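Small disclaimer: the values here were computed from a predicted structure and weren't measured. Note that the numbering runs from 1 along the sequence shown for the chain.
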Amino acid sequence: MMNWDQVFATRAGRMKASEIRELLKLLDQPDIISFAGGIPDARLFPAEAFGAAYAEVLSGPDAVPALQYSVSEGYRPLRDWLVGHMARLGVTCSANNVFIVSGSQQGLDYLGKLFLSPGDTALVTFPAYMGALGAFNAYEPAYDRLDPRSNREVESYRDKAAATGGRVKFAYCVPDFSNPTGETLSRADREAILDLTEALDIPVIEDAAYQALRFDGDNVPSILALDLQRHNGDIDAVRTVYCGSFSKTLSPGLRLGWIVAGKDLIRKLVLAKQAADLHTSTINQAVMAKVATRLFDAQVDTIRAAYRHRRDRMLAALDRHMPKGVQWTRPEGGMFVWVTLPEGMDGADLLAKSLQSQRVAFVPGRAFHADGSGANTLRLSYSCASDEMIDEGIARLGRLIEGEMAGV
């Protein structure tokens, strides 16, 4: 038999199965209460609007171009809609600054490919989005901690990167309702990240997948919007790379995301896409342009209301059922609550016991830490959970944790 391991590139050893993707398989088991997959609720998708848009695209003059190859940059009407969308977020740009990708995950992969040589360093939060770590890992980087409240000297980042044989190449963060913690960076934190990246002369990758899902509090300008202010509105002068997604608002199944950045970077991203898949699905882009134009704001209002209710229900259940010594975040939006267990407890061990005795699933926190720390943490998602699931699942989990703390 062929020994595949002997011919894999060294980067293949950095590729690991996503714990979240594996846990999603549990959703097929009807007795499992799952807080694991951070996915949107399919019952909230505007399915009829998508059906009508596909029928419209395929029955009219757009049918032939929708079924044909297209430009690598992306379908122009969708890019034009995104120019207006970004303007509402305080970002002035042109269609030449907008690049369509097959889901924002593809965008992260392209950025890792463009920026990282083996041994280079990526600055990431601890914890960080697991999918980003997976995308970057293939390019064999080292990781250092991005903490906007740190007092570290700039040279310490360069020295640590040099010790692993490379340079600091970028900073990556999810500033709004972060996956996995649900936390939001303040304006001061975002300015501090810009200060650090300017001092290091590196880009900052702003993963804005959850930006639209604010339930409470005041909107905070995106890092890109703040960067634009520093450069008198010149989008081609900024160092911020903004990654957006339709997956958390309209539909993940169409696999559509976008990147907004200066034209010099966009041109390189286009080359990466031409070498990978030529362009994102033309018909899906044409359909998304119609649906986004007609009901984006209304759909966001609908899902905000639903997820806000579930967030409130989960926080109330945690207040009732979690024993003293357990802490959790109180997100202003998004899909996640981050739980910190007492020191010495292990989220992975707790998951195994929970699945066996309580039939409750969640994601252990270690996988979100680039350095393998965070064993005593876990992520809960409320996005697909009913009131009954939340009440019963958190009660079961609270009893299990209390028993573990008592040594039962």
Side-chain angles (χ1 to χ4, degrees), residues 34-50 53 81-82 84-91 103-104 129 173-187 190 206-225 242-254 256-258 288-319 328-338 379-391 394:
S34 179
F35 304 128
I39 59 177
D41 187 345
R43 295 166 296 184
L44 301 176
F45 295 157
E48 291 185 5
F50 278 112
W81 183 88
L82 286 166
H85 175 71
M86 295 304 298
R88 293 192 295 274
L89 300 177
V91 173
S104 61
Y129 169 49
C173 65
V174 185
D176 297 287
F177 328 119
S178 171
N179 181 359
T181 68
E183 295 176 316
T184 296
L185 295 178
S186 68
R187 178 169 183 151
R190 298 172 197 225
E206 178 178 19
D207 190 339
Y210 305 93
Q211 186 176 17
L213 302 183
R214 174 172 286 281
F215 315 148
D216 307 320
D218 297 327
N219 287 319
V220 184
S222 67
I223 296 175
L224 178 54
Y242 181 102
C243 299
S245 174
F246 288 109
S247 293
K248 307 306 186 291
T249 52
L250 293 178
S251 166
L254 275 70
L256 287 170
W258 69 91
M288 186 62 79
K290 291 183 180 297
V291 174
T293 298
R294 293 167 182 171
L295 55 74
F296 182 85
D297 291 341
Q299 175 65 10
V300 167
D301 288 343
T302 297
I303 59 178
R304 277 178 181 161
Y307 295 155
R308 178 189 294 114
H309 172 81
R310 295 169 194 178
R311 187 269 323 255
D312 292 345
R313 192 89 180 196
M314 180 168 281
L315 292 179
L318 289 165
D319 288 337
W328 54 91
T329 57
R330 307 189 78 88
E332 295 180 328
M335 297 181 173
F336 308 107
V337 174
W338 184 249
R379 192 195 74 178
L380 302 173
S381 175
Y382 46 79
S383 58
C384 293
S386 66
D387 289 356
E388 294 75 20
M389 290 171 61
I390 292 171
D391 293 345
I394 297 299

Legend entry - I223 and C173, any side-chain heavy atoms less than 4.5 Å apart: yes
Inset, instruction - First locate atom SG of C384, then atom CE of M389, and finally report the distance between them rounded to the nearest 0.5 Å. - result: 8.0 Å
Inset, instruction - For P221, check side chain to side chain contact (heavy atoms under 4.5 Å, CB included) against everything at least two apart and list the hits. - result: R187, A225, L226
Inset, instruction - Quick one: pull up CZ in F177 and CD in E332 and give me the separation to the nearest 0.5 Å. - result: 6.5 Å
Inset, instruction - State whether W328 and R311 meet the cation-pi test: NZ (Lys) or CZ (Arg) under 6.0 Å from the six-membered ring centroid, and within 45° of the perpendicular axis. - result: no
Inset, instruction - Measure from the side-chain N and O atoms of S245 to the backbone N and O of S104, and report whether any donor-acceptor pair falls under 3.5 Å. - result: no
Inset, instruction - Kindly indicate whether the side chain of V91, heavy atoms from C-beta on, has any atom under 4.5 Å from the side chain of S222. - result: yes
Inset, instruction - Find out whether P331 and Y382 are in side-chain contact, i.e. whether some heavy atom of one side chain is under 4.5 Å from a heavy atom of the other. - result: yes
Inset, instruction - Determine yes or no for a side-chain-to-main-chain donor-acceptor pair under 3.5 angstrom, with R190 supplying the side chain and P175 the backbone. - result: yes
Legend entry - F35 CZ to S383 OG distance, which is reported to the nearest 0.5 Å: 11.0 Å
Inset, instruction - Output the distance between atom CZ (R310) and atom CG (L315), rounded to the nearest 0.5 Å. - result: 14.5 Å
Inset, instruction - Test Y242 against Q211 for side-chain contact (heavy atoms from CB on, under 4.5 Å), laying out the working first. - result: CA-CA 11 Å; Y242 181 102; Q211 186 176 17; 2.4 Å; yes
Inset, instruction - Quick one: do Q299 and V291 satisfy side-chain contact (heavy atoms from CB on, under 4.5 Å)? Show the steps, please. - result: CA-CA 10 Å; Q299 175 65 10; V291 174; over 6 Å; no
Inset, instruction - Could you list the residues that satisfy side chain to side chain contact (heavy atoms under 4.5 Å, CB included) with D297, not counting sequence neighbours? - result: none
Legend entry - Distance in Å, T184 OG1 paired with R214 CZ, rounded so as to fall on 0.5 Å steps: 5.5 Å
Legend entry - Check: T181 main-chain N/O paired with R379 side-chain donor or acceptor under 3.5 Å: no
Inset, instruction - State, yes or no, whether a side-chain contact exists between R330 and D319 at a heavy-atom distance under 4.5 Å. - result: yes
Inset, instruction - Indicate yes or no: at least one non-hydrogen side-chain atom of P40 is less than 4.5 angstrom from one of I303. - result: no
Inset, instruction - Report the relative orientation of the aromatic rings in F246 and W258; use parallel for angles under 30°, tilted for 30 to 60°, perpendicular for over 60°. - result: tilted
Inset, instruction - State, to 0.1 Å, how close Y129 and P180 come at their nearest heavy-atom pair, and which atoms those are. - result: N-CD, 4.3 Å
Inset, instruction - Drop me the distance from F45's CZ to T249's OG1, to the nearest 0.5 angstrom. - result: 10.0 Å
Inset, instruction - Please assess L256 against L250 for the test side-chain contact (heavy atoms from CB on, under 4.5 Å), listing each intermediate value before the final yes or no. - result: CA-CA 10 Å; L256 287 170; L250 293 178; over 6 Å; no
Legend entry - Derivation of the side-chain contact (heavy atoms from CB on, under 4.5 Å) call for M335 and N179: CA-CA 8 Å; M335 297 181 173; N179 181 359; over 6 Å; no
Inset, instruction - Would you name the heavy atoms of K290 and A53 that are closest together and state the gap between them? - result: CB-CB, 4.3 Å
